[in-house]
There are 2 protein chains.
Amino acid sequence: MPAASLTPTVAAPDVENALGALRARGLRATSARRLLVEALFAAAEPVTAPELAAGLDGGVPGADLAAVYRNLQMLERIGLVRHTHAGHGPALYALADRVASEFLRCEACGDLWALPPSALALVRDAVRRTTGWEARFTHFPLVGLCPACAASHAAGDTRR
Amino acid sequence: MPAASLTPTVAAPDVENALGALRARGLRATSARRLLVEALFAAAEPVTAPELAAGLDGGVPGADLAAVYRNLQMLERIGLVRHTHAGHGPALYALADRVASEFLRCEACGDLWALPPSALALVRDAVRRTTGWEARFTHFPLVGLCPACAASHAAGDTRR
DNA sequence: ATGCAATTGCAACGGGGTTGCAGCTGCTCA
DNA sequence: TGAGCAGCTGCAACCCCGTTGCAATTGCAT
């Protein structure tokens, strides 16, 4: 099943509002979901599902990873949440209206840059002109070498 | 451990030559490796490790997946082999001097395009100019929407 | 309050790949 | 030619990231 994260973004100013968005769609505002949404609002940066599950243990019953995944998936279907694949590790989740849309990941040092959507407009233009594709660097990053690694690589670097 | 597949490509005209490249580095040309290299030479397109292991059962002892992975890794370190991540499935391996260097993957329909390295020169230029990065679409593809999906998406598509 | 479908929590599973280790085997050197 | 010994193999167990099945629970509309 392809077609992921192409849902329009939904912005929620706060936890109550986000839960309201669920109820409006006939979904239930359960305590597990409240905790998850609170954790997402509390997170400064995109976080992994295990991190979210770990952070959720403010509730007595241990936060279940499977439920976290299910709920993240549902929140993403709704448009409240978005995730990115930043390398080989687990995906990073964040409230949809918070993510700085575009990512670059360095293949050599692993560094991840987050850029405002406008920053790569020229790149998207070039892709459109030369291939007809509509490039998106939100769900999967643009991969390459960051300036530092590109430099050390151009000079005959001696790593390894 | 980042830093993958940045080794310079090594071309081997045939199986004997490839095995020679191993010996030249103090590595052993074992029968398992011979079978693997033969399978790679026989493959018309990039193949997965499980496919390689399955194809290797010309030898009496069943080809071991773990050994296949270890040997692919080693061949890649040497520069004889390269792999690409074409979506969510397993990685695709091929002889380094055979891969059509650049890939585009459609997030909506899953389609994968392979383009000659020159095709994305302008894109790499745009990336370099606007970010200072050296983009590479060989190991991880450029992700976005293919022309068809971009069109149906622009029109208010009703999928889902 | 009551009913009942939506959810949870737990455990088991699945794909993709890595690792530990005992035993086998290319390769080098006498 | 064959002995010695790293370098490998094959097997099984394991790890990570998620997903799924299912019985028990719980929102929430009535």
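To find a chain, count down the sequence lines: A is the first, B the second, and so on, and within it residues start at 1.
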**OP:** Look at all strands and tell whether A/Ala91 reaches a base, only sugar-phosphate, or nothing, counting heavy atoms closer than 4.0 Å.
**Re:** sugar-phosphate
**OP:** Have a look at B/Arg70 and say if it touches a base, only the backbone sugar-phosphate, or nothing, with a 4.0 Å heavy-atom cut-off.
**Re:** base
**OP:** Name the orientation class of the two ring planes belonging to B/His139 and A/His88 (parallel below 30°, tilted from 30 to 60°, perpendicular beyond 60°).
**Re:** perpendicular
Original post:
Is the A/Tyr93 ring parallel, tilted or perpendicular to the A/His83 ring (thresholds 30°, 60°)?
Top reply: tilted
Original post:
Which nucleotide sits closest to the side chain of A/Ala32: C/dC10, C/dG9, C/dT19?
Top reply: C/dG9
Subject >> Proximal nucleotide (of D/dG10, D/dA12, C/dC10) relative to the A/Ala66 side chain >> reply: C/dC10
Whole Å only: how far is the [atom1] atom of [X] from the [atom2] atom of [N]?
X: B/Leu36; N: D/dC8; atom1: CG; atom2: P; value: 13 Å
X: B/Leu72; N: D/dC8; atom1: CG; atom2: P; value: 15 Å
X: B/Leu65; N: D/dT9; atom1: CG; atom2: P; value: 13 Å
X: B/Leu52; N: D/dT9; atom1: CG; atom2: P; value: 14 Å
X: B/Met74; N: C/dT18; atom1: CE; atom2: C1'; value: 17 Å
X: B/His88; N: D/dG18; atom1: NE2; atom2: P; value: 9 Å
X: B/Asp64; N: D/dA13; atom1: CG; atom2: P; value: 14 Å
X: B/Leu22; N: D/dA6; atom1: CG; atom2: C1'; value: 16 Å

**OP:** Please state whether the phosphate of D/dT19, meaning OP1 or OP2, lies under 4.0 angstrom from any side-chain nitrogen or oxygen of A/Gln73.
**Re:** yes
**OP:** Tell me whether the OP1 or OP2 atom of D/dG18 has a side-chain N or O from A/Tyr69 closer than 4.0 Å.
**Re:** yes
Subject >> Note: A/Glu16-A/Arg34 ion pair, threshold 4.0 Å (strictly below) >> reply: yes
Subject >> Pairing of B/Glu134 and B/Arg128 as salt bridge, 4.0 angstrom limit >> reply: yes
Subject >> Donor + acceptor pair across side chains of A/Thr9, A/Arg82 (<3.5 Å) >> reply: yes
**OP:** For each nucleotide in nucleotides 24-30 of chain D, reading 5' to 3', give B when a protein heavy atom comes within less than 4.0 Å of its base, S when such contact involves only the sugar-phosphate, and - otherwise.
**Re:** --BBS--
